[in-house]
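Small disclaimer: the values here were computed from a predicted structure and weren't measured. Start at 1 and go down the list; that is how both ligands and their atoms are numbered.
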Amino acid sequence: MRRGSIVQLVVLGILFGAGAAAVALLIPWLPDPASKQADRIDFVFWFVTAICIAIFALVAAVIVYAIFNFRAGPDDDEDGPPTHGNTSLEIVWTAVPAALVTAISIVSAVVLTQNEHLPSASASVSRAAQSSGTGLCKPRDADPLQPLVVCVVAQQYAWLFQYPAYRNATSATLRLPIDTTVQLQLQSRDVIHSFWVPEFGQKQDAVPGLLTKLVITPNRLGTFPVICTELCGLGHALMRSQTTVESKDEFLKWARSRGKGAAAGGGASAAAKTFVDNGCDGCHTFKPAGAKGTIGPDLDKLTEAAQKAGQPLEEFIRQSIVDPNAYIAPGYPKGVMPETFSSLPKQQLDALVTYLAGGSQ
Ligand code: CUA
């Protein structure tokens with residue numbers, strides 16, 4: 001091969017490599033990672049992308065070089081010279097891709113294993129863990145932060161997050177302490193849903209009858225979307241929540257006070273607990289509960305809504321809970337409110353109706 005040809009090939013390769021690298025680097029293809037696991041996934045992404053760019057540059061350079069240098073003349077109808085077999089070339093083009101694919105498999109396998117790894121907890125059972133036998137999922141016997149277990153309950157079309165180590169405190173948004181390994185234990189009350197926070201880099205299905213798990217170590221403060229990424233029914237597109245990553249102190253302060261509230265019993269506070277435990281605050285606004293959801297109707301305006309529906313207030317509220325599709329507030333889609341609340345114990349339902357009727361204007 002002439003020296004000029006090699007120089008041409010190298011220049012072409014650099015041009016194509018730079019072009020592909022610019023496309024990869026200048027366009028934000030992935031959200032900024034906000035967890036250790038997402039950092040690792042990002043590493044695999046860039047590892048594979050770098051290999052792809054190198055191969056693309058090589059192939060594109062050879063094609064463009066060949067198009068210009070071996071172009072047939074206008075009247076040239078002849079076949080090219082016959083070539084057959086080149087053992088060393090065949091060894092190279094088999095061995096190099098094999099080595100690259102093996103490297104990608106090894107890197108991916110290591111990252112997958114690391115991302116599923118949950119640091120083992122110490123044997124001592126903390127008081128927080130002991131006080132929580134009745135939760136949706138079992139806490140690990142450990143200090144309350146390492147690793148933190150959060151039960152994630154999915155249902156059409158809402159997320160509910162419960163913290164067994166904090167007296168089963170519940171929340172409609174997922175609050176997490178930074179730099180703490182968290183194990184999410186996912187379950188579904190009806191159909192298959194899928195939990196996804198793009199910034200955490202992973203998805204996990206919530207399947208009825210199964211307890212699926214996901215390990216997350218958030219490492220960036222902020223608020224990120226929680227998205228259902230499995231088509232689960234009419235309200236699928238609305239099945240969104242938020243996750244807030246905050247400092248450990250802020251998280252502990254919130255979780256402890258939330259857990260205390262959950263432990264208090266009787267009257268309005270029991271109804272308030274029912275309201276939060278069932279994720280009502282994820283979708284509705286209701287001032288007495290500090291709820292600011294906007295997916296469903298504003299519960300501060302129930303009196304007005306009952307008048308529109310032409311029903312007595314308490315009867316209207318009860319019907320809206322146990323048979324949500326009997327009357328749909330104007331402007332809201334049918335079939336979005338879960339129908340599972342008809343199974344609430346009568347006592348809880350009565351208290352909830354009274355609570356909602358008392359709080360609305
Ligand atoms: Cu739940 Cu889509």
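- Contacts classified as salt bridge (charged side-chain N to carboxylate O under 4.0 Å, His left out) and involving residues 82-99 (residues at least two apart or in different chains) are not found.
- Y327 and S320 form no side-chain donor-acceptor contact under 3.5 Å, judged by distance and modelled atom types alone.
- E246 pairs with exactly one of K253, R175, R220 by the salt bridge (charged side-chain N to carboxylate O under 4.0 Å, His left out) rule, that one being R175.
- D205 is linked by a side-chain hydrogen bond (donor to acceptor under 3.5 Å, both in side chains) to S194, counting only residues two or more places apart in sequence or in another chain.
- Atom 1 (Cu) of ligand 1 has H193 ND1, C228 SG, C232 SG, M239 SD as its protein N, O or S neighbours under 2.8 Å.
- Partners of D350 by side-chain hydrogen bond (donor to acceptor under 3.5 Å, both in side chains), not counting sequence neighbours, listed by chain and number: R318, K346.
- Side chains of E199 and S35: a donor-acceptor N/O pair is absent below 3.5 angstrom, by distance only.
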